[in-house]
Trainee: 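Could you have a look at this structure, given as structure tokens, before my questions?
Keep in mind the model is a prediction, meaning the values are calculated, not measured.
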Amino acid sequence: MLTEFNAQTDRFRAPRRARNFDTEALLARSDAPSLANIWTRLADRLYAIPTRPIAECDYERACPGDAARIFHAASAALAHRVDLLGTGPVDLGSPIDWHRDFKTGVSWPNTFMRNINYTNLGSPSDVKIPWEISRLQWLIPVGQAYLMTGDEQCARAAREILEDWIERNPYAHGVNWTCTMEVAMRILTWTWLFHVFNRSRAWSGEAFQSRFLRALFLHGEFTERYLERSDVNGNHFTADAVGMVFAGLFFGKGSASSRWSETGWRLLCEELPRQVLPDGVDFEASIPYHRLVLELFFLAARYREACGLPVPDDYRARVIDMARFTLAYVRPDGTIPLIGDADDARALPFGGQSINDHRYVAGLVGAHWQVPELIDGFSGPRAEILWTLGRRAAASLREEGEKPATVPSASFPQGGIFIMRNERDHVAIDCGPVGQNGRGGHGHNDCLSFEAVLDGVHLIGDCGAFVYTASAQERNRFRSTAYHNTPQIDGEEVNRFIRWDYLWTLHDDAAPDVRRWEANEHRDLFVGSHSGFQRLSTPMTPVRTIVLDHDVHALTITDVIEGAGDHVVTIPLQLAPGVEARENGPGRIILKAGGRDFLLLWSGSAGWTCEMGQGRISPSYGVVVPAIKLLWRRSGPTPATLTMSVSPRPVVAPRSPSEGLQEWHFQIPVGSRS
């Protein structure tokens, strides 16, 4: 009610608040005698991230080849050229239209933020485009290039872009103020840019210094005023709280700054155990959002420690558990299973690795808090660690290309993620709740779904997320049961959609049931089910058994559909992009990928047919690529059984599900909970 009251009064007060918040008001709120004093004081304050200059040659020794990437990205940014959210390189022009989705040409009015309908579900517009542009993370390479070269052109261009943004996005007006998370994320970027450029000649003018600091202060005030609080909070609220911590610690003195940092930190300490489960898995049921939330919780703690403020042991331990989960789900090549939503969001992106390469996260947390398990398991580029923690931390980690310690198979029972892995295989299984305490949020209808890498080749993938408000139809397709590698009965959803336009909620129908999990050096076993189809007129239960044989890199999947009556059962298998498939006789399919052949054998109850068609995978936001999709279908009486096995060399096809499992030395009665 307070937030809504603030919004209604700000229709009239916001313009006056911004107009009256002049230099004198800033100095009074910041306990500073002069603009020069506050600028110098802020420049001397400790920050979450080191921003010391580094010679290009020194950077190249630490991160070979990455300097060229930074200079190329900086050059593009200076030309107002961006590549984000699946757009490909786009010239923003000059001046930049900060309120326009350049994919569709749709613009939002520069009016009071509560008057703006930014979802526009009746049109293909995507509000994430202007939001992402206004986060200004595409200016980060400009700052990195400046720290390596001291080129004033970088400082001057950053100043001009910030001045233009402030001029064209007045306080609480326009689409870039409609979501508090966007305001909070800008606080992170702007404070970093300040610490990079504050001593440059281009940033020395008092007029710019006053305008920049006043705009940044109003960002902190807005974030506090419009916290995205709900009965169940998610990553938006976390970002808001981190923004308050950054704004408060950045300004330091003054009652408002103290209140922001203390309130933001209190909220983070309250939310961490609510949003991150005891096994370290973010409760929103999305691996890409797990990465974002981990970055946010980590950076706030890092900033406090840099300022000599305490971070509780239980807070630190939970963030370390998040990094342990990351270490488990990241595949050896750095890629990830596309479980749940993905919008490419980062807190402060410093590296040039693929958006789906999460290896650096374990290195960040491990190097900062000296966690041997995370340090030993780290692999991949070190740029993120160097820019976030400094050269010494980056040097403490192995160089890219050096072999990390073997990460074992692991279960995360509260989050419902089970990882079977060795040096050549990686299978990620989702048997967890729908997400966000049963709300759905960024979770998909993917209970019992899985992705698989066998003998170093990615064979079985997940559909990803594609887009959000740009298309409600596509949004719902990519989070539907039919788009995931899980059994579907009578065309019903695992968790029912509430309404076509409720894009971040689902009914909480499918309670997961993990019946068995075993992992050893030779074979891993998972048996799970869910209750999503118990609501049918004749209740049905899919029971999935997955076995990974480490010795021969073979994967066996057995689905038992428990229940009675006639039903239509479909079981999809989405192959990874680039995997070719062809039939090779009854129950035999040859998969070709990475210059290798794999044999997929299948058998089951009478009546199953297998179709080979076209599927779609979204590897990142706004991007979709074709990929072959296999679909098994059966219409008739239940119970029913289907067994599939995939291996890199021919094996004898199992004659029955029980025999198939016995061949892997597991004695599992069909449908048993033992």
Side-chain angles (χ1 to χ4, degrees), residues 427 429 431 447-450 452 454 459-460 481-482 484-492 494 515-516 525-530 532-533 536 538-549 554-575 581-591 598-613 615 628-647 650-673:
V427 180
I429 305 165
C431 189
C447 194
L448 300 183
S449 187
F450 69 99
L454 293 181
L459 291 177
I460 301 168
T481 305
H484 293 87
N485 299 321
T486 188
Q488 186 173 27
I489 300 175
D490 295 337
E492 294 287 332
V494 168
R515 301 186 176 188
R516 190 170 174 183
L525 165 71
F526 164 87
V527 183
S529 66
H530 66 74
F533 302 120
L536 302 185
T538 54
M540 306 297 293
T541 302
V543 182
R544 170 161 280 183
T545 299
I546 299 178
V547 179
L548 174 66
D549 188 305
L555 185 69
T556 301
I557 307 100
T558 298
D559 288 317
V560 178
I561 311 301
E562 297 180 339
D566 288 352
H567 296 274
V568 176
V569 181
T570 54
I571 300 176
L573 195 65
Q574 176 65 69
L575 302 183
R582 61 179 175 83
E583 291 190 56
N584 187 240
R588 296 169 61 90
I589 298 173
I590 299 296
L591 306 180
F598 293 79
L599 180 62
L600 188 160
L601 303 171
W602 66 271
S603 64
S605 309
W608 286 103
T609 61
C610 180
E611 306 167 6
M612 192 179 304
I628 293 173
K629 185 175 185 177
L630 306 177
L631 183 68
W632 284 265
R633 185 186 305 273
R634 183 182 186 275
S635 179
T638 53
T641 302
L642 177 71
T643 295
M644 297 174 277
S645 66
V646 187
S647 72
V651 296
V652 177
R655 292 185 295 275
S656 71
S658 58
E659 283 187 27
L661 292 176
Q662 288 168 4
E663 287 181 7
W664 304 119
H665 307 287
F666 284 102
Q667 307 294 330
I668 308 168
V670 172
S672 171
R673 291 175 177 268

Trainee: Output the distance between atom CG (L536) and atom OG1 (T541), rounded to the nearest 0.5 Å.
Mentor: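 Here the rounded value is 9.5 Å.
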Trainee: In Å and rounded to the nearest 0.5 Å, what is the CE to OG1 distance from M540 to T638?
Mentor: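 The OG1 atom of T638 is 3.5 Å from CE of M540, to the nearest 0.5 Å.
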Trainee: Is T558 close to L642 at the side-chain level, that is, under 4.5 Å between some pair of heavy atoms?
Mentor: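 Not in contact.
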Trainee: From D566 CG over to R634 CZ, what is the distance, rounded to the nearest 0.5 angstrom?
Mentor: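 The CZ atom of R634 is 8.5 Å from CG of D566, to the nearest 0.5 Å.
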Trainee: Locate the shortest heavy-atom distance separating T538 from A564; write the atom from each residue and the value.
Mentor: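 For T538 and A564, the tightest heavy-atom pair comes out as OG1-O, 3.3 Å.
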Trainee: Please determine which of P487, C447, S529 meets the side chain to side chain contact (heavy atoms under 4.5 Å, CB included) test together with R544.
Mentor: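 Answer to the side chain to side chain contact (heavy atoms under 4.5 Å, CB included) test with R544 among P487, C447, S529: P487.
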Trainee: Do the non-hydrogen side-chain atoms of D559 and I557 ever get within less than 4.5 Å of each other?
Mentor: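 Answer yes - side chains close enough.
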Trainee: What is the distance from atom CZ of F533 to atom CD1 of I561, rounded to the nearest 0.5 Å?
Mentor: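 Rounded to the nearest 0.5 Å, the CZ-CD1 separation comes to 8.0 Å.
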Trainee: Do F526 and F450 have side-chain heavy atoms sitting under 4.5 Å apart?
Mentor: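 Of all side-chain heavy-atom pairs linking F450 with F526, none is under 4.5 Å.
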Trainee: Taking side chain as C-beta onward, heavy atoms only, is R516 less than 4.5 Å from T545?
Mentor: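 R516 vs T545: side chains apart.
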Trainee: With rounding to the nearest 0.5 angstrom, report the OG1 to CH2 distance, T570 to W632.
Mentor: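 If we round to the nearest 0.5 Å, T570:OG1 and W632:CH2 are 12.0 Å apart.
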Trainee: In the structure I gave you, are the side-chain heavy atoms of V569 and W608 within less than 4.5 Å of one another anywhere?
Mentor: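 Heavy-atom side-chain distance check passes, below 4.5 Å.
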Trainee: Check whether Q574 reaches the backbone of I628 with its side chain - one donor and one acceptor, N or O, closer than 3.5 Å.
Mentor: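 Checked: pair present.
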Trainee: Taking all non-hydrogen atoms of both residues, which atom of H530 and which atom of P542 are closest, and how far apart?
Mentor: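 Shortest heavy-atom contact: NE2-CG, 3.5 Å.
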Trainee: R582: what forms a salt bridge (Lys or Arg N to Asp or Glu O under 4.0 Å) with it, not counting sequence neighbours?
Mentor: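 If we apply the salt bridge (Lys or Arg N to Asp or Glu O under 4.0 Å) test to R582, skipping adjacent residues, there are no hits.
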Trainee: Do you know which two heavy atoms are closest between L555 and A452, and how far apart they sit?
Mentor: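 So the two residues come closest at CD2-CB, 3.8 Å.
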Trainee: More than 12 heavy atoms of other residues, nucleotides or ligands under 6.0 Å from CD of E611: is that the case?
Mentor: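 More than 12 heavy atoms, drawn from other residues, nucleotides or ligands, come within 6.0 Å of this atom.
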Trainee: For I460, which of L630, V427, L454, L573 qualifies under side chain to side chain contact (heavy atoms under 4.5 Å, CB included)?
Mentor: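 Only one of L630, V427, L454, L573 forms a side chain to side chain contact (heavy atoms under 4.5 Å, CB included) with I460, namely L573.
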Trainee: Of all heavy-atom pairs between M612 and A581, which one has the smallest distance, and what is that distance?
Mentor: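 So the two residues come closest at SD-O, 3.5 Å.
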Trainee: Nearest 0.5 Å please: distance from the OG atom of S647 over to the CG atom of L600.
Mentor: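 The OG atom of S647 sits 9.0 Å away from the CG atom of L600.
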Trainee: Grab the two heavy atoms, one from S449 and one from T486, that are nearest each other, plus how far apart they are.
Mentor: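 Closest pair (atom of S449, atom of T486, distance): N-CB, 4.0 Å.
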Trainee: Closer than 3.5 angstrom, by distance alone: can the side chain of D490 be matched with the main-chain N or O of V568 as a donor-acceptor pair?
Mentor: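 Flag set: sc D490 to bb V568 pair under 3.5 Å.
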